[in-house]
Amino acid sequence: MNFEQKIDYIGRENFVRFTDCHAFADISSELKMFLQETGFYSDKMAYPYFTATGTLQSVSPKIIELASNRIGRKLCIDLNNNERLVVFNPQDGEVTVVNSNLKNYIECLYAMRYFSEEIEGEDVFGDYDTNAKKYARKLLELFNVIEGDIRSFPLWYIQVHEREIGTL
């Protein structure tokens, strides 16, 4: 499945386009074009629960907000580090890496949706309760294809870990 088909699979209708990218000179032309033409996945009901308004906002000189969640955390583009995606917590200033770039974020959204619908949803490994570790390993495998070692990306790794220990 190509990247455009993955966007369709997770729901192109949930992508919010950005109209003010031109105001941010430090964002690469490739990322600007993507945000203007395709946008950012925004769904407060689906993990990871970030919603976008279609307007970029400067959080600091090199951190640009794309979206936020209902507890106030901001999903941002980190211009200091090759446009990786980070979560910025305005209460304490903590920054947590989410993905190495926006494309990989969307790939992880796809992997999560595919896993939930086509693997967990279809009981591929049998009863979930007795095979939770098999399901966790499969999700880990899907994520690792995207980011190499998903353990470096806690937003996604928690999904694997909670399945591994049987809490999801």
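In this text the structure is predicted, and so the values were computed from the model without any measurement.
Taking 4.5 Å as the limit, some side-chain heavy atom of L35 sits within range of a side-chain heavy atom of C21. Between Y110 and Y114 the shortest side-chain heavy-atom distance falls below 4.5 Å. Side-chain contact check for L75 versus N69: every heavy-atom pair is 4.5 Å or farther apart. Side-chain atoms of R163 and F115, non-hydrogen and from C-beta on, do get closer than 4.5 Å to each other. Annotation: side chain of K134 is in contact with side chain of R137 (closest heavy-atom distance under 4.5 Å). Using a 4.5 Å cut-off on side-chain heavy atoms (C-beta onward), T53 and V16 make no contact. In this structure the side chain of V87 never reaches within 4.5 angstrom of the side chain of P48, judged on heavy atoms. I150 has its side chain within reach of C108: a pair of non-hydrogen atoms, C-beta onward, lies under 4.5 Å apart.
A donor-acceptor contact closer than 3.5 angstrom is absent between the side chains of E147 and S152. Residues Y9 and E4 bring no donor and acceptor atom of their side chains to less than 3.5 Å of each other.
A distance of 15.5 Å separates OG in S68 from OH in Y49, rounded to the nearest 0.5 Å. Between the CG atom of N99 and the CD1 atom of I106 there is a distance of 9.5 Å, given to the nearest 0.5 Å. Separating the CG atom in D26 from the CD atom in E83 is a distance of 9.0 Å, to the nearest 0.5 Å. Of the inter-residue distances, the one linking N101 atom CG with S28 atom OG reads 10.0 Å to the nearest 0.5 angstrom. Here Y41 contributes atom OH and L66 contributes atom CG; the two are 15.5 Å apart, rounded to the nearest 0.5 Å. To the nearest 0.5 Å, the span separating SG on C76 from CD1 on I64 amounts to 8.0 Å.
With sequence neighbours excluded, no residue forms a ring-ring contact (aromatic ring centres under 6.0 Å, His included) with F88. Qualifying ring-ring contact (aromatic ring centres under 6.0 Å, His included) partners for F143, counting only residues two or more places apart in sequence or in other chains: W156. Every residue two or more places apart in sequence or in another chain was checked for a ring-ring contact (aromatic ring centres under 6.0 Å, His included) with F3, and none qualifies. Remark: D8 engages R12 in a salt bridge (Lys or Arg N to Asp or Glu O under 4.0 Å) (not counting sequence neighbours). Shown here are the salt bridge (Lys or Arg N to Asp or Glu O under 4.0 Å) partners of K103, two or more places apart in sequence or in another chain: E107. Residues that satisfy the ring-ring contact (aromatic ring centres under 6.0 Å, His included) test with F40, not counting sequence neighbours, are Y105.
Within a 6.0 Å radius of CD in E162, more than 12 heavy atoms belonging to other residues, nucleotides or ligands are found. The number of heavy-atom neighbours closer than 6.0 Å to CE of M1, taken from other residues, nucleotides and ligands shown, is above 12.
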For the pair L31 and I77, evaluate side chain to side chain contact (heavy atoms under 4.5 Å, CB included) and give the outcome as yes or no after the intermediate values. CA-CA 10 Å; L31 181 54; I77 304 164; 3.8 Å; yes

So F15 and I10, side chain to side chain contact (heavy atoms under 4.5 Å, CB included) or not? Walk me through it. CA-CA 10 Å; F15 279 73; I10 62 175; 3.8 Å; yes

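Panel note: side chain D20, backbone L56; a donor-acceptor pair is recorded below 3.5 Å. Judged by distance alone, with hydrogens and angles left aside, the side-chain atoms of N82 form no donor-acceptor pair with the main-chain N or O of R84 at under 3.5 Å. Q159 places no side-chain N or O within 3.5 Å of a backbone atom of M112 that could act as its donor or acceptor partner. Using a distance-only test at 3.5 Å, with no hydrogens or angles considered, no donor-acceptor pair links the side chain of Y135 to the main chain of E120. Between the side chain of K32 and the backbone N or O of F24 there is at least one donor-acceptor pair closer than 3.5 Å. Between the side chain of N131 and the backbone N or O of F125 there is at least one donor-acceptor pair closer than 3.5 Å. Counting only distance, with no hydrogens or angles, the side chain of N89 and the backbone of G93 share no donor-acceptor pair below 3.5 Å. The main-chain N or O of S100 is never found under 3.5 Å from a side-chain atom of N104 such that the two would form a donor-acceptor pair.
K133 has no carboxylate O lying under 4.0 Å from a charged side-chain N of E164, or vice versa, which leaves the two without a salt bridge. Ion pair K62/D78 not flagged as a salt bridge, since none of the NZ, NE, NH1 or NH2 atoms sits closer than 4.0 Å to an Asp/Glu carboxylate oxygen.
Across all non-hydrogen atoms, the minimal contact from V59 to E65 is CG2-CB, 3.7 Å. Across R151 and Y157, no two heavy atoms sit closer than the pair CG-CE1, 3.3 Å.
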